[in-house]
Amino acid sequence: MKKLSQLITSIKPIRVVGNTDIEITDVVNDSRKAREGILFVAVKGVAVDSHRFIADVIAVGARAIVCEELPEKLHDYVTYVQVDNSVVALAHIADEWFDHPSRNLRLVGVTGTNGKTTTATLLYEMARLMGYKAGLLSTVKNIIDTREETAKQTTPDHLTLNRLLHEMVQAGCEYAFMEVSSHACVQRRIEGITFAGGIFTNLTRDHMDFHKTVDNYIAAKKMFFDMLPDGAFALVNADDKVGEVMLQNTRASKYRYSLRSMADFKGRIVESRLDGTTLELNGNQVEVLFTGRFNAYNLLSVYGASLLLGFDPQQVLVKMSLLEPVAGRFQTLRSPRGYTAIVDYAHTPDALINVLDTIREVVGTSGHIITVCGCGGNRDAGKRPIMARESAVRSDRVILTSDNPRNEDPDEILRQMEEGLPDENRLTTLTITDRRQAIRTACQLARMGDVVLVAGKGHEDYQEIKGVKHHFDDREQVLEVFEAETK
C-alpha cells in the first residue's frame with residue numbers, strides 16, 4: 001500500500017477535493033477490477049470514456065478518483081484529484097506505484113515499421129548469452145528473466161508495462177528490451193518510462209487506419225526519440241530517409257548503422273543462403289543463422305546497440321553466430337520432396353517485398369517462388385491491392401487467401417486485393433479463401449528447388465473470424481503437409 005499523497009507527487013492536479021493522507025490498496029483504470037481501497041484513474045479512451053463508471057467504482061469501495069471532469073455528486077469519504085490529462089497522470093502514478101522500475105533497468109526501446117520483434121528479441125538473447133539477466137516486451141511474448149507471459153499488445157498499457165518492468169527488477173534483471181509501437185507513442189503509453197536507448201529500424205506504410213497519413217505516422221515514431229533523456233543513445237538506420245528525422249530533436253547521443261554508406265556501425269553481406277548469411281560487421285566477418293538484407297539490418301542494429309550498452313566487442317561477435325531466428329520470422333522448413341517452405345510475418349508491402357527479394361536473390365532462376373498471402377480485416381484497406389501486386393510481380397505463382405478477416409467479409413477483402421493484380425499476372429494467381437487449403441495447394445504446386453512463402457501471420461497461432469479466434473498456425477499447417485508427403 002502507498003499513500004495517495006505519494007502517488008500524485010509527480011502530477012500537477014488542477015484541483016484536489018478531500019484527504020490525500022489515505023492508504024491506497026491498488027491502482028486501476030478498468031472499472032471491472034475495482035475493489036475496496038483502490039485508486040481509480042478515469043481515462044477518456046478511444047472507445048470508452050471511463051468517467052461514466054466513477055459512481056460504480058465508488059459503490060464497490062474506491063477511496064480515490066483521478067479524473068479530468070469531477071462528477072456532479074462528490075462524496076466526503078472519497079478523494080477526487082482533477083487533472084488536465086488523466087492518461088499522463090496514470091503513467092506517472094503507475095511509475096510511482098511500482099517504484100520507478102525503468103530507472104532500475106537499462107531499458108532499450110525499438111520502434112519502426114518492420115523488424116521490431118526480431119531486434120528486441122535478439123537483444124534479449126544477446127544479453128542472456130553475455131551472462132546477464134534480462135527482460136523482453138514484444139508482440140510475440142513478454143519474458144521476465146526466463147518466465148514467459150503471452151503478450152496482448154505490442155506495447156502494454158501503463159499499469160501492465162510498469163508491473164512487468166517491476167517484476168524484471170524483482171527477478172534481478174539488469175537489462176530490458178521492448179517494442180515501442182506508434183500507437184503507444186500517440187496514446188502516451190511510454191510516458192514516465194526511462195529509456196537507456198532507442199533504436200529506429202525503418203518506416204514504410206502501415207497503420208493508416210489509425211494514423212490517417214504517413215506524416216502522422218512519422219510524427220508518432222519521432223515522439224519516442226524526442227522523449228529520450230540525456231545520457232541515452234539513439235541508434236537509427238541511416239539507409240532509411242526517415243532515420244535522420246528521428247534524430248532531429250533528440251537529447252540522446254546520436255548513432256547510425258548502415259549497409260550502404262559510412263556509419264558508426266557498418267555492415268556488408270558477404271554471402272547469402274536460405275539457411276544463413278556471411279555478414280561483415282565493422283570489418284569483422286561472422287556467420288549468422290539469418291537470411292536476407294532486412295535481417296542484416298536487424299543484426300546490425302543488435303550489434304550496434306550491444307556495443308553501446310557496453311558489451312565486449314569481441315564477445316558480441318562470437319555471440320552473434322549463436323543467435324537464432326524468431327518464430328515466424330523467415331522461419332525455414334524443408335520438405336521431404338525437396339522444396340523449401342518459409343513462414344514469415346510479412347504483413348506490409350515493404351516487408352513482403354524484402355522477403356520476396358531475399359528469396360529471389362538466393363534462389364535465382366533455378367527455382368520457382370509460390371507465395372501465399374492475404375490481408376487482415378478492419379485494418380488499412382489501402383495496402384490490399386499493393387500486397388497482391390507486389391506478390392504477383394515478385395513470384396512465379398500466387399495464392400491469395402484469408403488472413404485475419406476479423407469482422408469483414410474475407411471474400412470482399414480478396415476482391416480488393418485482386419484489384420491490384422497486373423493483367424499479365426492474373427493467370428498465375430489463384431484465390432482460395434480457406435487458408436488451410438491455400439497452403440496445401442501451394443505445397444502441391446511446388447517442385448524440388450522451389451520455395452513456398454506463407455506470409456502475413458508468422459508467429460500467430462490463431463485466425464480471427466467474426467470476433468472469434470480459432471486456432472490456426474501456418475507452421476503447423478506446413479508440417480502437416482510434409483508429414484503427408486512421407487506416407
Side-chain angles (χ1 to χ4, degrees), residues 101-102 105-130 132-169 171 173-185 187 189-190 193 195-203 206-207 220-221 224 235 237 289-290 294-295 297-299 301-302 305-306 309 323-331 343-348 351 376 404 456-462 473-475:
S102 61
L105 293 161
R106 297 205 69 189
L107 175 64
V108 176
V110 184
T111 196
T113 305
N114 303 309
K116 295 189 299 296
T117 299
T118 295
T119 301
T121 303
L122 295 183
L123 279 168
Y124 163 80
E125 296 293 349
M126 175 64 76
R128 298 278 303 168
L129 288 169
M130 297 297 289
Y132 299 102
K133 289 188 174 186
L136 172 69
L137 301 173
S138 78
T139 301
V140 179
K141 57 189 172 184
N142 300 320
I143 308 178
I144 297 92
D145 188 16
T146 57
R147 179 172 63 82
E148 297 186 6
E149 239 183 61
T150 302
K152 295 181 180 179
Q153 290 175 291
T154 298
T155 308
D157 65 85
H158 306 89
L159 290 167
T160 303
L161 174 55
N162 279 278
R163 172 183 63 79
L164 290 166
L165 294 175
H166 175 72
E167 290 177 6
M168 292 175 191
V169 174
C173 296
E174 296 179 57
Y175 297 90
F177 307 94
M178 66 178 283
E179 295 183 49
V180 177
S181 69
S182 55
H183 293 67
C185 293
Q187 295 167 356
R189 275 182 258 151
I190 54 173
I193 301 298
F195 287 91
I199 299 171
F200 170 73
T201 59
N202 51 63
L203 192 137
D206 200 14
H207 304 303
K221 296 290 187 186
F224 171 50
L235 175 62
N237 181 353
L289 302 173
F290 297 79
F294 60 95
N295 269 325
Y297 278 111
N298 294 334
L299 290 165
S301 70
V302 169
S306 296
L309 287 171
L323 296 174
E324 297 182 356
V326 177
R329 266 63 174 182
F330 209 89
Q331 194 165 10
V343 175
D344 193 86
Y345 189 52
H347 62 287
T348 66
N404 288 321
K457 289 174 59 59
H459 65 281
E460 293 178 351
D461 61 359
Y462 64 85
D473 187 313
D474 285 350
R475 181 176 175 276

Side chain Thr111, main chain Val180, donor-acceptor under 3.5 Å: yes

Is Glu179 reaching over with its side chain to a backbone N or O of Thr139, donor-acceptor style, under 3.5 angstrom? yes

Nearest heavy-atom approach of Ser138 to Ala151 is O-CB, 3.1 Å

Any non-hydrogen side-chain atom of Ile190 less than 4.5 Å from a side-chain atom of Met178? yes

Return the set of residues passing side-chain contact (heavy atoms from CB on, under 4.5 Å) with Ala305 (not counting sequence neighbours), or none when no residue passes. Leu123, Ile199, Phe233, Leu235

Whether Asn237 side chain and Asn202 backbone form a donor-acceptor pair below 3.5 Å: no

Rounded to the nearest 0.5 Å, what separates atom CZ in Phe195 from atom CG in Leu105? 11.0 Å

Between Met168 and Leu137, is the side chain to side chain contact (heavy atoms under 4.5 Å, CB included) condition met? List the steps. CA-CA 11 Å; Met168 292 175 191; Leu137 301 173; 3.7 Å; yes

Closest non-hydrogen contact found for Cys185 with Phe224 is SG-CB, 3.9 Å

Smallest separation among heavy atoms of Met126 and Ser306, with atom names: CG-OG, 3.4 Å

Between SG on residue Cys173 and CZ on residue Arg106, distance to nearest 0.5 Å: 14.5 Å

To the nearest 0.5 Å, what is the distance between OG1 (Thr121) and CG (Leu136)? 4.5 Å

Whether the side chain of Ser301 engages the backbone of Asn298 through a donor-acceptor N/O pair (distance < 3.5 Å, no angle test) should be reported. yes

Shortest non-hydrogen separation from Tyr175 to Leu309 and the atoms involved: OH-O, 4.0 Å

Flag the pair Lys457 and Asp473 as a salt bridge only when some basic side-chain nitrogen lies within less than 4.0 angstrom of an acidic carboxylate oxygen. no

On the 0 to 90° scale, with breaks at 30° and 60°, tag the Tyr345-His347 ring pair as parallel, tilted or perpendicular. tilted

Considering only heavy atoms from C-beta outward, does the side chain of Asn404 approach that of Tyr462 to under 4.5 Å? yes

All heavy atoms of Ala127 vs all of Phe177, minimum pair found to be CB-CE1, 3.9 Å

Interatomic spacing from NE2 in His166 to OG in Ser102 - rounded to 0.5 Å: 12.5 Å

Candidate pair Leu323 and Leu129, rule side chain to side chain contact (heavy atoms under 4.5 Å, CB included), full reasoning: CA-CA 9 Å; Leu323 296 174; Leu129 288 169; 3.8 Å; yes

Go through the steps for Leu122 and Phe290 under the test side chain to side chain contact (heavy atoms under 4.5 Å, CB included), then give the verdict. CA-CA 12 Å; Leu122 295 183; Phe290 297 79; 3.7 Å; yes

Any idea which heavy atoms bring Arg189 and Asp157 closest together, and the distance? CD-CA, 3.9 Å

Sequence neighbours left out, cut at 3.5 Å: what donor-acceptor pairs do the side chains of residues 324-331 make with other protein atoms?
unit_1 : atom_1 : unit_2 : atom_2 : d
Arg329 : NH1    : His459 : ND1    : 2.6
Arg329 : NH2    : Thr117 : OG1    : 3.1
Gln331 : OE1    : Gly328 : N      : 2.8

Please examine the side chains of Thr201 and Asn114, heavy atoms only from C-beta on, and report whether any two atoms are closer than 4.5 Å. no

Dump the intermediate steps for side chain to side chain contact (heavy atoms under 4.5 Å, CB included) on Ile193 and Leu165, then the final yes or no. CA-CA 10 Å; Ile193 301 298; Leu165 294 175; 4.1 Å; yes

Please name all residues satisfying salt bridge (charged side-chain N to carboxylate O under 4.0 Å, His left out) with Arg475, sequence neighbours left out, ordered by chain then number. none

Check for a donor-acceptor pair, side chain of Lys133 on one end and backbone N or O of Asp145 on the other, with a separation under 3.5 Å. no

